[in-house]
Every structure is written in C-alpha cells, then in structure tokens.
There are 2 protein chains.
Amino acid sequence: MMVKKTGLVDIAREAGVSTATVSRVLNDSEKVTAKTRERVLAVVERLNFRPDLSASTLRRGRSKTIGIAVASISQPWYVKLIRALRAEITSRGYTTVVYDLEHSDDVLIEHMENAISLRLAGMVLATGDRLDAAGVHGALENVAASIPLVVIGQRTAGANWPTVRFDDFEASRRAAAELISRRARPLLVIARSTTSHLAQLRVSGALAALHEHPALQGGSHVVDLEGPMSFEVGYAIGSGLGERLRQFGAVFCVNDELALGLARAASEIDIRIPGDLLVLGYGDIDVLPFLTPSLSSVSGDAQHVARDGLSALFSMIQDQPYAEDVIVERSIIHRESTSC
Amino acid sequence: MMVKKTGLVDIAREAGVSTATVSRVLNDSEKVTAKTRERVLAVVERLNFRPDLSASTLRRGRSKTIGIAVASISQPWYVKLIRALRAEITSRGYTTVVYDLEHSDDVLIEHMENAISLRLAGMVLATGDRLDAAGVHGALENVAASIPLVVIGQRTAGANWPTVRFDDFEASRRAAAELISRRARPLLVIARSTTSHLAQLRVSGALAALHEHPALQGGSHVVDLEGPMSFEVGYAIGSGLGERLRQFGAVFCVNDELALGLARAASEIDIRIPGDLLVLGYGDIDVLPFLTPSLSSVSGDAQHVARDGLSALFSMIQDQPYAEDVIVERSIIHRESTSC
DNA sequence: CTGAAAGCGCTTACAG
DNA sequence: CTGAAAGCGCTTACAG
C-alpha cells in the first residue's frame, strides 16, 4: 500500500515543463524565466516534493554535504566548533554531517571511509589526538586523495592538506610563566599523554617556561597519563598525590576536565585554591566560571578557527589557492583559581 | 588530472566476474562460492575500492544510514545517548548521521527535510523540547510518512510513531517528596519553561508532591523561564533571589545546568549547601560528582532508552510489531548537595 | 552459483 | 529560455 514517492517527473508533468527545467529551478539556475520558475515552485510546494539527494549526488559525482569530524562531542569546545562550522557551511548552501570520533582510531577510520563512500563535498577534521598511527594516517591520505580535507588542531608531518591550529606551545609557555610569576614555587604539570598530540605540546611549552627558572626545576613534576583526560582521571591523580600537592605552588593542566577533577580532590583534603595552590586548565569550557572557585583556563576562539578552516576548504572546493598552515593565538583567562 | 574513481565495473573486470557477483559479495549474499568471494575481495582490497553509497541508495530506494537527532549535543546526556545508539546501530550493519537540533525549531525542520531527502533507513529523535508547534509537528508527520521514526523523551498528542520516555512526572514527585522529607520547609522550583515540555512535566511532578504538604505550599515558589536552561540562567536566577534563597529548605531544578549555576550564586553570598539549602538537579551530567559540594540529581539510563528505542525502530524497518509507548524509570542520586 | 540487462531519480551537454 | 536524451554506479529480478 506504499504510495510512490513524488519525483521530479511528477513535478514536470504537473507544471507542464521538462524535468530539465524543474532541475534548473531547484538548483537556482539563472536561465529560467521568472514565470516558469514560479509555476514550478508552486507545484513543488503543492506536492510537498523532496528531491532525492542520492540521485543528484550520483549524477554530480559529489554531494552537497560537508563532513565535520571532531575528536569527541562530549568536549564542549568541539561542540562550539561544530556550531560555528555549521552556521557558515549552511549559509553557503551546503549541509553538514557530524562525526564523533570518540577519541578512537578505529572510529576515525570507519568514519573516514564512510565520508569517501558518501562522496562528500569536503571534510573538516578537528582533533588534538595523535594522527600518526599507520592506519589513521593512511585513512587521512585516502580522504585527502578523494575529497577536500582541512585539519583543525595540528599539523602532522607529511600532511598534504591545509591546517589551522593554535599556538599551543607558545601559549603554554606563557601560561606556565604567569603561574610561576604569581607563585615562585615548583610547578605540577598534568599530564603528558601517549595518545594526545596537543597534551604533549602543552607539556613541552610548560617545561620551556620552567627552564627559565632553574631553581624551581628540581621540585617540579610532570605526571604522565595513559587513560582519557577526564574528570575521573584528574580526581584520581589529585587523590593519589594527596598532601604532596602542597609541595607545589601551582598546577598546570593540559585540559579543563583534569583541572576540575584535581580541584575537587584538593578540596577534599582542605587544600585551598587559590590560597594553597593555583590551578589552571586548558580549553575554557562553559562551566568554569560557575564553579567554586571559578577555574582559570587557556582559551581558544572556535569561531576564528572555523572561519579560517572553511576559508581554506571552500578555496579547495573551488580550485583556488589557500593558506597551507594558519596559526591562531590563544589567550589566558584568569579567574579565582589563579588569583594572587 | 583527476584519475577516474575505481568502480564496481573495475572490480568485476579485474576479478573476471560480473558486476552482479561483485555486488553480491559486497552485500554478503550467501549465494556466492567461497572461492569467488575470496577472489573478489582480494581485488577490492588491492584497488582500495569504496562503493558509491549514493548509487546503492538510489537503486534500493533507501540508504543504510540511520539518523540520530538530539535536542542539543552540548548536553552530556544526549551525547551518552548518541553513543549508546551508535554502538547498537553499527553492530546491526547500519551507519549513523548525527543531527544537533540546537534547541531550535527551524534547525529541527531543516534537519528533518534533509533526512527525508537522504532517504534514511530510519530516524531516532530525542528531545524534551516542545514538539507541538505547527511547523515542527508537520515536519515530524512528513518524516513519519516516509521513514520509520522513533521519538525518545516524550509522547506528543496525536503522535503516530512509537515513543520511549522516562516517568518524569512520577520521578519528580518522588524527588520533591524526598527533599521535603529531608527539610520540612518551603520548596523553590526552578524552572517552568515555555519551550520545554519536560521542564513543565517536572515542575508539575514537584508541585504534586508539594500538594501533600499544605503547610509548605504558601512559602513555596516556582520560577518561570523564557531563555535556555543554562549555567548562566541558573546563576542569574540565584543572584536575583539573593538572600531570599534562605526562605527555602530546598531547590528542585529541572536540569543540572540550572542547579549548578544557582549553587554558584548561593556560594557567593555564603549560603551553605547543603547546610542552609538542599539542591537537586536533573539529568545527572558527568561533572556533578566532582563539584564542591557534589550535586545530587535525578538520572535516567541512556543505554536503556537507546535499547528500547532501537528495538522499536528495527521492528518498524522489518515490518514487525513494536511497543507504541515504553516508559522507563528514573532514579534519584543523592550526593552532598542533598545530604541530611 | 553466475551473468546480462534494466532501472533507480536526478543533472547537464547539446540542440533548437 | 527550454527540451530530449544520455548517463552517473550501483542492485536485483530473471534466465540459465
């Protein structure tokens, strides 16, 4: 009892024109008289016609959809980025599909193959996770070979796709230097990760700042990490250190979740923030201003990288020149947790 | 200088079989000998072949992709739901596309039309926002008319699609009753919303509990809301009430963001939680256990509703009977913010 | 178990 | 400005 879907032919018949003309109207071709266009649109409206995108994608060899793949949609910064990207992409007449990589190489590979099979018009990949595993790098090369690709967050060695990224090393160096200038005591750095490229970069930046203060280097400490950079892990690290937290003047965390978890652990043993310990996170997630104490963080402008990334992407789509590697500055937001 | 994409014909030629056979191999048809299958797969592998999904969707009249539309991906509960849904959907051989509705009717309508045009195999819509605006309801009817649709979170009047939802009214009644039994004083309820169906339901539940305690009704108060149910708004409400917060024994919030923002406002004027005021949120987002004080909340099992929702969806896809309306119980998680 | 061939619903080069 | 017709890359009913 399935009614046949109304197709372009039905519109053509009802409007008394050819399917070619209907197609031209739907695709905003300028070579259609206003009168014809109007007549066709009336029928489209009346029959509630929804063109089959698989047919147009097949015919064109390319869809009008752009993929947005992010490391994890449970991290608010990526959600902000997705929304900034979507706003601009739809304003350019494309639609979007969102891929949540769940911080997993396998999921990334799966999604990249899907993107190729969908013949997407382009792909924006945003992640701080390492992309140099063989499988992952291969998947990206495959994508780049068949659709325009832009990576936000890092530049991999041998990448032949444009990148937009923050100055994480420099921002981290500055942030750590500010912590040290506020409390001239040893620094705790949480945490260097085996799976996160950005975490490694941020730790290097903090260590570079420490390098300027030889007297503090001995007492300072870097925690290494295996698991995810989550609230739980930050809490576990803080609890594990316990009273030893008092040996440090400040904690530099490579993300906000770790900072927040650690702050909770500190409060449980009555270590006061910022009185006994300064705490700085990274990412500036929305909840930070509403915590007690409110948490300081290094922030990065999602709108800005979205704009620059799409500028490169649409240039590629239109076969025009684009910037290979754009670097955007981060800024440090001081709140209660780092107040002097 | 574009190299032509390798297609099914190329595989067929190289493997010395027909395209029909290649297609059968790719679709796991059982009527292919192991030897043929092996030969074909070797070529697929060697040429790095990625089938064009637009062609197969066009031919089949239906894609192998299921849409997941949620009220907002910036709310952690929906992210949990998305991941639970995706895990089960991929295990059944389908892929997923995620739609972020951004709490906007217009975005919902846009995404629903896209879903129809993509000829999706099915759609799971999860939202607590009101769905009874004419445009929204119409869009859902259109979807339901062309693809299997399941709604998680609420049952709209006149819905002819299956629904899975929590017992929000009853859970709210119980939760408010527990607050009152812990502090026999007036209750503050935050907040009734014009745009959120679930917020309204939760407020009704809380009021039902209050109804059992006539002595407390006079002093109790419901805050109404126009904007989003965000940290900022919770904070603004708390700040606005200021010292008047002390008139209440407990605050029942219709979501966690409001609760968290309000708790911060209370702490700024030295109202102690739970000493002076109990605070309860709704949704049980991940950060709650790591706050100081940790926040209590009413939680709902995302895995559970994902399972029930997909059970209905796949039954529809296979033309089998399914439950029209499933109701799942919520539970109340007490942490420091409601401890006696 | 395998192949030849039709056809899904669009778009576009070509002709008028 | 408009139309007739070919063709995008798959899948599947049919025949063998």
Side-chain angles (χ1 to χ4, degrees), chain A residues 2-41 43-44 47-65 93 114 116-121 146, chain B residues 2-41 43-44 47-65 93 114 116-121 146:
Chain A
M2 194 64 186
V3 187
K4 184 143 177 351
K5 264 205 131 23
T6 86
L8 211 126
V9 274
D10 304 304
I11 307 299
R13 188 181 351 89
E14 288 291 311
V17 297
S18 71
T19 58
T21 299
V22 177
S23 176
R24 288 188 187 105
V25 170
L26 293 175
N27 292 292
D28 290 321
S29 160
E30 60 300 316
K31 16 188 191 171
V32 184
T33 54
K35 214 181 88 193
T36 315
R37 171 186 311 278
E38 209 173 293
R39 189 147 39 98
V40 169
L41 287 178
V43 178
V44 165
L47 300 188
N48 202 15
F49 171 61
R50 298 278 169 271
D52 186 328
L53 292 181
S54 67
S56 73
T57 297
L58 174 60
R59 181 53 231 252
R60 289 198 230 252
R62 205 115 289 268
S63 85
K64 291 280 275 180
T65 299
N114 184 245
I116 295 173
S117 279
L118 287 176
R119 307 295 189 249
L120 293 186
S146 50
Chain B
M2 194 63 187
V3 187
K4 182 141 178 359
K5 266 206 129 23
T6 87
L8 211 128
V9 274
D10 304 304
I11 307 298
R13 188 180 352 91
E14 289 290 312
V17 297
S18 71
T19 59
T21 299
V22 177
S23 176
R24 288 189 187 105
V25 170
L26 293 175
N27 291 291
D28 290 322
S29 160
E30 59 301 316
K31 17 188 189 171
V32 183
T33 54
K35 213 180 88 195
T36 317
R37 171 185 311 278
E38 208 172 296
R39 188 147 39 97
V40 170
L41 286 178
V43 179
V44 165
L47 300 188
N48 201 16
F49 171 61
R50 298 277 170 273
D52 186 329
L53 292 181
S54 67
S56 72
T57 298
L58 174 61
R59 181 52 231 252
R60 289 197 230 253
R62 207 114 288 270
S63 86
K64 291 281 275 179
T65 299
N114 183 246
I116 296 173
S117 278
L118 288 177
R119 307 296 190 249
L120 294 186
S146 50

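For clarity, every value in this text was computed on a predicted model and none was experimentally measured.
At a threshold of 4.0 angstrom between heavy atoms, the contacts of B/Ser54 with the nucleic acid are absent. Note on B/Val9: nothing from the nucleic acid sits closer than 4.0 angstrom, heavy atoms only. Contacts of A/Val22 with the nucleic acid, taken as non-hydrogen atoms under 4.0 Å apart, are absent. Counting any heavy atom pair closer than 4.0 Å across all strands shown, A/Gly7 reaches sugar-phosphate atoms only and no base atom. Counting non-hydrogen atoms under 4.0 angstrom, B/Thr36 reaches the backbone sugars and phosphates but no base.
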Between protein and nucleotides 12-16 of chain C, what N or O pairs are separated by less than 3.5 Å?
unit_1, atom_1, unit_2, atom_2, d
C/dT12, O4', A/Arg59, NH2, 3.2
C/dA13, N6, A/Arg24, NH2, 3.2

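Scored by the side-chain hydrogen bond (donor to acceptor under 3.5 Å, both in side chains) test, A/Thr57 finds no partners at all (sequence neighbours excluded). The salt bridge (charged side-chain N to carboxylate O under 4.0 Å, His left out) test applied to B/Arg50 returns A/Glu113, not counting sequence neighbours. Qualifying salt bridge (charged side-chain N to carboxylate O under 4.0 Å, His left out) partners for B/Arg24, counting only residues two or more places apart in sequence or in other chains: none. In this structure B/Ser63 satisfies the side-chain hydrogen bond (donor to acceptor under 3.5 Å, both in side chains) test with no other residue, sequence neighbours excluded.
Comparing C/dC1, C/dG9, C/dC10 by their nearest atom to the side chain of A/Leu58 picks out C/dG9.
B/Arg50 has its CZ atom 17 Å from the C1' atom of D/dC10, to the nearest Å. In this entry the distance linking CD1 of B/Ile11 with P of D/dT11 reads 12 Å, nearest Å. Atom pair B/Glu38:CD and C/dC1:P shows a separation of 16 Å (rounding to whole Å applied). For the pair B/Leu8 CG and C/dA5 P, the computed distance is 17 Å after rounding to whole Å. Atom CG of A/Asp52 and atom P of C/dG7 are 18 Å apart (whole Å).
Between B/Thr6 and A/Val17, the residue anchored closer to the 5' end of DNA chain D is A/Val17, taking for each the nucleotide with the nearest heavy atom.
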Expected output check: what is the dot-bracket annotation of DNA chain D, where ( ) and [ ] are pairs inside the strand (brackets for crossing ones), | is paired with another strand, and pairs are Watson-Crick or G-U under 3.5 Å? |||.||||||||.|||
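Distance CG/B/Asn27 to OG/B/Ser56: 7.5 Å, rounded to 0.5 Å. Atom CG of A/Leu120 sits about 8.0 Å away from atom CZ of A/Arg62, to the nearest 0.5 Å.
For the C1' atom pair drawn from D/dG16 and D/dT12, the interatomic distance equals 16 Å after rounding to whole Å.
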